[in-house]
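Input: a single structure, listed below in structure tokens.
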Amino acid sequence: MNIATTSLAGLDLKVEIDRLRKEKNAVILAHYYQAREIQDLADFVGDSLDLSRKAAATDADVIAFCGVRFMAEVAKILSPEKIVILPDMDAGCSLEDSCPPEEFRKFREAHPDHIALTYINCSAAVKALSDIIVTSSSAEAILKQIPMDQKIIFAPDKNLGAYFNRVLGRDMLLWPGACIVHEAFSETELLKLKAQYPGAPVAAHPECPPAILDHADQVGSTRAILEFALSSPSQTIIVATEPHIIHQMEKAAPHKKFIGAPGADGNCNCNMCPYMALNTLEKLYISLRDLQPRIEMPEDLRLAAKKPLDRMLAMASGTVGLGDLGLRR
Ligand code: 13P
Ligand code: SF4
């Protein structure tokens with residue numbers, strides 16, 4: 001679909017999106033990294049785990065997913081009877097790109113005594129090759145339910161895996177992927193910022209490299225970072241994740257100052273996720289109007305990818321042993 005050839009002149013997009021949402025019985029789900037105007041009209045804004053739960057529970061006929069493709073795929077995997085639309089099908093993820101399914105399959109075959117714990121930021125094909133999916137907010141609770149002597153492959157984010165190896169004393173075998181956005185933070189510039197705002201705590205996403213996490217007062221998922229920023233007694237908070245999340249912080253605590261951690265040029269613009277930025281209000285309007293582009297996948301792939309996602313949802317909200325899951329190796 002070519003937006004340039006579609007005349008949207010004179011339309012009040014917010015009013016039109018609202019009209020279409022009701023007409024089509026659609027729910028608009030948005031990640032914290034989406035543009036402010038998309039966050040503001042979404043029915044729900046959340047982290048990857050909360051968005052998965054919402055997608056699984058909604059009774060809407062259409063899920064308009066404002067996030068990246070793997071997130072919309074999760075919505076389709078969990079709610080196959082719904083129409084799932086993504087405003088821009090090119091909204092990928094560098095972590096997904098870093099883990100091609102065929103290479104991951106060979107890696108698994110080379111380590112048959114390991115289970116595969118895989119970050120949700122991956123393709124449906126990689127999910128289908130995995131045992132348990134995790135998000136940054138569910139990984140710790142899930143890892144605590146896995147015996148320490150169980151060998152584990154962690155893919156695709158080496159920083160997230162290294163962080164949990166460190167805090168939980170594990171020795172997971174790490175796939176060498178990384179997020180281009182979180183890798184762009186500069187330790188030198190962060191230290192300069194800390195000197196400028198002495199006492200301001202740093203909240204960081206675990207996708208950041210260890211050199212950034214070493215300076216963090218709090219490490220957690222986007223939701224955990226938001227909760228920390230709002231509950232901290234400090235009036236100034238340094239935020240080391242994609243800066244669009246600051247919109248929610250400023251809405252909830254307008255009296256506080258939230259500063260995005262800088263990249264190497266001292267300007268946090270290099271930490272905007274280029275994939276998330278592909279979704280716009282215009283594309284959301286067109287996707288709701290046309291119910292395109294849709295997430296579709298073969299049923300056998302969906303069922304295979306659903307298994308490790310279901311394990312995540314069970315383990316994230318309760319205690320299910322590996323034995324119960326038939327996963328002990
Ligand atoms: P969360 O699960 O913390 O929302 O993270 C998703 C993501 O893509 C971070 O880059
Ligand atoms: Fe992927 Fe990084 Fe963008 Fe998150 S911020 S969607 S991990 S590229």
Side-chain angles (χ1 to χ4, degrees), residues 31-36 39 47-48 67-68 91-99 119 121-122 135-137 139 154-167 174-230 232 234-250 253 256-278:
H31 190 264
Y32 291 122
Y33 296 167
Q34 287 291 279
R36 292 166 191 78
Q39 292 189 38
D47 73 358
S48 304
V68 290
C93 169
S94 59
L95 276 169
E96 174 178 344
D97 294 345
S98 75
C99 192
Y119 192 30
N121 297 36
C122 65
T135 64
S136 48
S137 56
F154 189 88
D157 188 358
K158 64 176 184 194
N159 291 327
L160 190 68
Y163 170 72
F164 286 115
N165 271 348
R166 197 150 52 135
V167 295
L174 307 180
W175 182 270
C179 159
I180 51 168
V181 173
H182 291 84
E183 285 265 303
F185 290 117
S186 156
E187 183 186 17
T188 311
E189 295 299 325
L190 178 60
L191 289 174
K192 282 191 211 163
L193 195 64
K194 277 171 71 82
Q196 205 182 328
Y197 295 96
V202 177
H205 198 279
E207 286 176 19
C208 291
I212 298 295
L213 296 181
D214 282 347
H215 303 290
D217 299 278
Q218 197 266 355
V219 178
S221 76
T222 48
R223 170 166 40 94
I225 289 174
L226 175 61
E227 286 168 359
F228 173 83
L230 299 182
S232 167
S234 178
Q235 291 304 298
T236 305
I237 321 281
I238 299 172
V239 179
T241 192
E242 214 274 0
H244 281 98
I245 193 173
I246 290 176
H247 181 52
Q248 294 296 327
M249 298 174 185
E250 289 176 340
K256 287 191 177 184
K257 187 176 174 73
F258 304 103
I259 308 171
D265 61 356
N267 176 344
C268 71
N269 279 350
C270 57
N271 299 105
M272 306 243 182
C273 176
Y275 306 99
M276 290 275 181
L278 289 174

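A216 and V219 get closest at one heavy-atom pair: CB-CG2, 3.9 Å. Annotation for K158 and A178: closest pair CE-CB, 4.3 Å, computed over non-hydrogen atoms. Minimum heavy-atom separation, A261 to L190: CB-CD1, 4.2 Å. Residue Y275 comes nearest to G92 through the heavy atom pair CB-O, 3.0 Å, listed as atom of the first residue, atom of the second, then distance. The two residues S98 and W175 make their nearest non-hydrogen contact at O-NE1, 2.9 Å. Contact record, S94 with C179: OG-CA, 3.4 Å, taken as the closest heavy-atom pair.
Considering only heavy atoms from C-beta on, L193 comes within 4.5 Å of P262 through its side chain. Side-chain atoms of L95 and I180, non-hydrogen and from C-beta on, never get closer than 4.5 Å to each other. F228 is listed as a side-chain neighbour of P201, based on a closest heavy-atom distance under 4.5 Å.
Using a distance-only test at 3.5 Å, with no hydrogens or angles considered, a donor-acceptor pair links the side chain of N271 to the main chain of V181. In this structure a side-chain-to-backbone donor-acceptor pair under 3.5 Å is present from D217 to V202. S186 contributes a side-chain N or O that, together with a main-chain N or O of E189, makes up a donor-acceptor pair within less than 3.5 Å. K256 places a side-chain N or O within donor-acceptor distance of the main-chain N or O of L230, the cut-off being under 3.5 Å.
No side-chain donor from either of E242 and Y32 sits under 3.5 Å from a side-chain acceptor of the other. One side chain, T241 or Y33, offers a donor N or O that lies under 3.5 Å from an acceptor on the other. Remark: the H205 side chain and the S221 side chain contain no N/O donor-acceptor pair separated by less than 3.5 Å.
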Inset, instruction - Assess whether side-chain contact (heavy atoms from CB on, under 4.5 Å) is satisfied between Y119 and S136, documenting all intermediate values. - result: CA-CA 8 Å; Y119 192 30; S136 48; 4.1 Å; yes
Inset, instruction - Applying side-chain contact (heavy atoms from CB on, under 4.5 Å), run through K257 and I237 and close with a yes or a no. - result: CA-CA 6 Å; K257 187 176 174 73; I237 321 281; over 6 Å; no
Inset, instruction - Take D157 and H182 through the test side-chain contact (heavy atoms from CB on, under 4.5 Å) and record every step on the way to the result. - result: CA-CA 11 Å; D157 188 358; H182 291 84; over 6 Å; no
Inset, instruction - Report the C-alpha separation of I212 and E187 in whole Å, then their side-chain angles, then the decisive distance to 0.1 Å, and conclude whether the side-chain contact (heavy atoms from CB on, under 4.5 Å) test is met. - result: CA-CA 6 Å; I212 298 295; E187 183 186 17; 4.3 Å; yes
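L213 CG to N159 CG: the interatomic distance, rounded to the nearest 0.5 Å, is 7.0 Å. Distance check, rounded to the nearest 0.5 Å: NZ of K194 to CD of Q196 gives 13.0 Å. Atom-to-atom distance recorded for D47:CG and E227:CD is 8.5 Å, nearest 0.5 angstrom. One finds the CG atom of L174 at 5.0 Å from the CG atom of N165 (value rounded to the nearest 0.5 Å).
For T135, the side chain to side chain donor-acceptor pair (under 3.5 Å) criterion is met by S137, S138, not counting sequence neighbours. For A200, the side chain to side chain contact (heavy atoms under 4.5 Å, CB included) partners at least two apart in sequence or on another chain are Y197, T236, I238.
Put simply, the residue from H31, M272, Q34 that forms a side chain to side chain contact (heavy atoms under 4.5 Å, CB included) with H244 is M272.
Within 6.0 Å of CZ in R166 there are more than 12 heavy atoms belonging to other residues, nucleotides or ligands.
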